[in-house]
Protein chains: 2
Amino acid sequence: MDTAEIKKRIVQGGMKFTHQRMVIYGALSLSEDHPTAERVHEKIKSANPSISLGTVYKTLDSFVNAGILQKFTDDTGIMRFDPVLETHSHLYCNDSKEFRDFKNPLLEKLLKSFFEENEIEGFEVEEVSLVIKGKTK
Amino acid sequence: MDTAEIKKRIVQGGMKFTHQRMVIYGALSLSEDHPTAERVHEKIKSANPSISLGTVYKTLDSFVNAGILQKFTDDTGIMRFDPVLETHSHLYCNDSKEFRDFKNPLLEKLLKSFFEENEIEGFEVEEVSLVIKGKTK
DNA sequence: GTCTATGCAAACGATTTGCATCCAA
DNA sequence: TTGGATGCAAATCGTTTGCATAGAC
């Protein structure tokens, strides 16, 4: 994702465009992993030593509220950020403790049809979140 | 679940049987919700004021290691405990922020077959965890 | 009697908050 | 110019740890 595209996303999210937001979103959009706030801070601080960890937290939170970033919490309770907005699942490696995106149209269709065809009594489904745990081989 | 059954579970898990473990497992096995450690402590403390929150944490952790309790982490990063050991999913109400168990053999079979029939390149699936988010109606 | 479980208090670590200053619009 | 964004430090809070004592086996 290039500079212009990132700026567009930030502005479309209804946010002021700042240097910090540019740098932080840039670090995220490059990463295939699902970094924590601290990891994002590490990635950017050599080139941008003045951006504080507090700002990274606040900025990531603003991105989530603006809908241009997704967040989830891993098994250890630490927040993870994901710039991929489309419906997708996550692979979690029990050995390396790392996440990877898993996009599979068939699986998504399967889940979608299941919940369309099977009403859950007393509950209205809005979204489903699937984590696939196992080992990289 | 009665006293004898709880004692059996604790002993079969290879753990010493203590009054604290009895009380803590008892509080969990009664609850359809998925309480936090603090919630468990609240539930038991009027009848057992000497059981400390630290002991609740250590005990719940021992149960998980012994395999007689499952734990997961909610979206806010707080640990939740679940005495239901069989494969099942969770319903999460965005309004009340509460979890309910969702057992559905068809859904479980669907997911199981999907991952049996669709090899994920470079990944060996061990378990899948599904959270269904929405609203109680 | 031995070895683990418990209670207590202090430590920890990820995240949030308050507030003065800065800067994009 | 002005309201929102940033940097810094202190506060928060769920959870863990260390250690002396108690209790299960």
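A, B, ... follow the sequence lines: proteins, then strands. Residue 1 opens every chain.
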K.L.:
To the nearest Å, how far apart are B:Lys71 NZ and D:dG14 C1'?
P.N.:
12 Å
K.L.:
May I have the distance from B:Asn48 (atom CG) to C:dT6 (atom C1'), rounded to whole angstrom?
P.N.:
13 Å
K.L.:
What about A:Phe123 and B:Phe102, are their ring centers closer than 6.0 Å?
P.N.:
no
K.L.:
Look at the side chain of A:Tyr57 and decide which nucleotide, out of C:dA14, D:dT15, D:dG7, has an atom nearest to it.
P.N.:
C:dA14
K.L.:
In whole Å, what is the span from the CD1 atom of A:Ile44 to the C1' atom of D:dG7?
P.N.:
13 Å
K.L.:
Have a look at A:Thr18 and say if it touches a base, only the backbone sugar-phosphate, or nothing, with a 4.0 Å heavy-atom cut-off.
P.N.:
sugar-phosphate
K.L.:
Checking all strands, does A:Thr36 fall into the base, sugar-phosphate, or nothing category for heavy-atom contacts under 4.0 angstrom?
P.N.:
nothing
K.L.:
From CE of B:Met79 over to P of D:dC13, roughly how many Å is that when rounded to an integer?
P.N.:
19 Å
K.L.:
Just how far, in rounded Å, is P of C:dT4 from CG of B:Asp61?
P.N.:
17 Å
K.L.:
I want to verify a distance call: between D:dT6, D:dG7, C:dA5, whose nearest atom is closest to the B:Arg21 side chain?
P.N.:
C:dA5
K.L.:
Between C:dT15, D:dG7, C:dT6, which nucleotide gets closest to the side-chain atoms of B:Thr59?
P.N.:
C:dT6
K.L.:
Using ring centroids (six-membered ring only for Trp), state whether B:Phe72 and B:His90 fall under 6.0 Å.
P.N.:
yes
K.L.:
Can a side-chain donor-acceptor contact be found between A:Asp74 and A:His34 if the only test is distance below 3.5 angstrom?
P.N.:
no
K.L.:
Using the rule given for salt bridge (Lys or Arg N to Asp or Glu O under 4.0 Å), can you reason through A:Asp33 versus A:Arg80, listing the C-alpha separation, both sets of side-chain angles and the distance that settles it, and then say yes or no?
P.N.:
CA-CA 9 Å; A:Asp33 53 357; A:Arg80 302 277 185 161; over 6 Å; no
K.L.:
Would you indicate which nucleotide in C:dA24, D:dG14, D:dC19 comes nearest to any side-chain atom of B:Lys58?
P.N.:
D:dC19
K.L.:
Identify which nucleotide among D:dC25, C:dA14, C:dT6 has an atom closest to any side-chain atom of B:Lys16, counting heavy atoms from C-beta outward.
P.N.:
D:dC25
K.L.:
Specify the separation, in whole Å, of atom CZ of A:Arg39 and atom P of C:dG13.
P.N.:
19 Å
K.L.:
With nearest nucleotides of DNA chain D determined for A:Gln20 and B:Leu53 from heavy-atom distances, which residue corresponds to the more 5′ nucleotide?
P.N.:
A:Gln20
K.L.:
Under 4.0 Å between any heavy atoms, over every strand shown, what does B:Met15 touch: base, sugar-phosphate, or nothing? Just pick one.
P.N.:
nothing
K.L.:
Checking contacts here: which listed nucleotide (D:dG14, C:dA14, C:dG7) is nearest the side-chain heavy atoms of B:Ile78?
P.N.:
D:dG14
K.L.:
Within the 4.0 Å heavy-atom criterion, would you say A:Ser50 contacts the bases, only the backbone, or no part of the nucleic acid?
P.N.:
sugar-phosphate
K.L.:
Ignoring hydrogens and angles, state whether a donor on the side chain of A:Thr55 or A:Ser52 is under 3.5 Å from an acceptor on the partner side chain.
P.N.:
yes
K.L.:
Roughly how many Å is it from CD1 in A:Ile51 to P in C:dC22, rounded to a whole number?
P.N.:
17 Å
